[in-house]
**Q** 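Supplied in structure tokens, the structure appears directly below.
We count residues from 1, following the sequence as given. Both ligands and their constituent atoms are indexed starting at 1 by order of listing.
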Amino acid sequence: MRNTKRNTRSVRLALLAFLSLPLMGVAQDFSAVEITTIAVRDNIYMLQGSGGNIGVSVGDDGVIIIDDQFGPLTQKIEAAIAELSDKPVTFVMNTHFHYDHTDGNTNFGRAGAYIVAQDNARKRMESTQVLTGSGRVQEAYEAVGLPKITFEDKMRFYFNDNAVDIVNTGDGHTDGDAQIFFRESNVIHTGDMFVRYGLPYIDRDNGGTADGMIDALFNISALINDDTIIIPGHGALSNRADLLEFRDMLVVIRGRLVRAKVQGLSVDEMLAAEPADGYAEANDSTNDWLRQAYGEYVD
Ligand SMILES: [Zn+2]
């Protein structure tokens, strides 16, 4: 793959950012975080700060945002939205329950927004969760921060000149993922089912699987076309070719892991065969990822 070195470095950085905070028990300093606004297409924007990418749709009907990052950033996020629209946020759509996408829910819920998510994402936000790998504890949200509207497979909004589909394409990153597809504008927010930092974080203790992620990526790739602009869960704006490259990486690594299983390789023997070769540097974080993925195929 072309960008293996850069990808590997960013995998490490992303994993460090994701895993080290909770383990060290250090609260992140949000005072230095700035929100950047990137025009996507038509009346749709992406905001980047700290945590998952935020999608924004503005227009006569009001404002939809997709994910809301961390609570301490809410005021900065609201200020960035105010540059785009003088209307309040009507709907917050959560791509899944993880704190780096939903921690602002309580603030936006209190301000009057309706929060929307897949059924299982709401269920997980109702009680305390422990995240795979980091062991980070995500406390239950108070009622005002919980989704008031949920769906199982699919739901459609007609808003700001778009038919907006919020879709579950299967268990993958978690068991309650949503993709949000603005049909007229041909823009999709994939949540963490597609990310730009290399080997993806898969929350297996909360219903995620690599196989499910591959299936979901096939489903997403069938929804969109070559002109679609993708807002990934983390990283830069992308297109369908980028998503296919990411999917193919997972398919190839899965094939190597299944072959290792058929050959009866132990975990150490599997790691020695370097099943992520060409995609991620052989190091501790890659090996952790492979060990967890191998667990999907070997008891
Ligand atoms: Zn996530």
**Q** Any N/O/S atom, side chain or main chain, of His96 closer to the Zn ion (ligand 1) than 2.8 Å?
**A** yes

**Q** For the Zn ion (ligand 1), give me the closest N/O/S atom belonging to His173, just the atom name.
**A** NE2

**Q** Check the angle between the aromatic planes of His96 and His98 and answer parallel, tilted or perpendicular using the 30° and 60° thresholds.
**A** perpendicular

**Q** Which label fits His234 and His101: parallel for a plane angle under 30°, tilted from 30 to 60°, or perpendicular past 60°?
**A** perpendicular

**Q** Please determine whether a side-chain nitrogen of the Lys or Arg among Glu296 and Arg204 lies less than 4.0 Å from a carboxylate oxygen of the Asp or Glu.
**A** yes

**Q** The Zn ion (ligand 1) is nearest to which N, O or S atom of His98?
**A** ND1

**Q** Which atom, among the N/O/S set of Asp192, is closest to the Zn ion (ligand 1)?
**A** OD2

**Q** Parallel, tilted or perpendicular, judged at 30° and 60°: which one describes the rings of Phe157 and Phe91?
**A** perpendicular

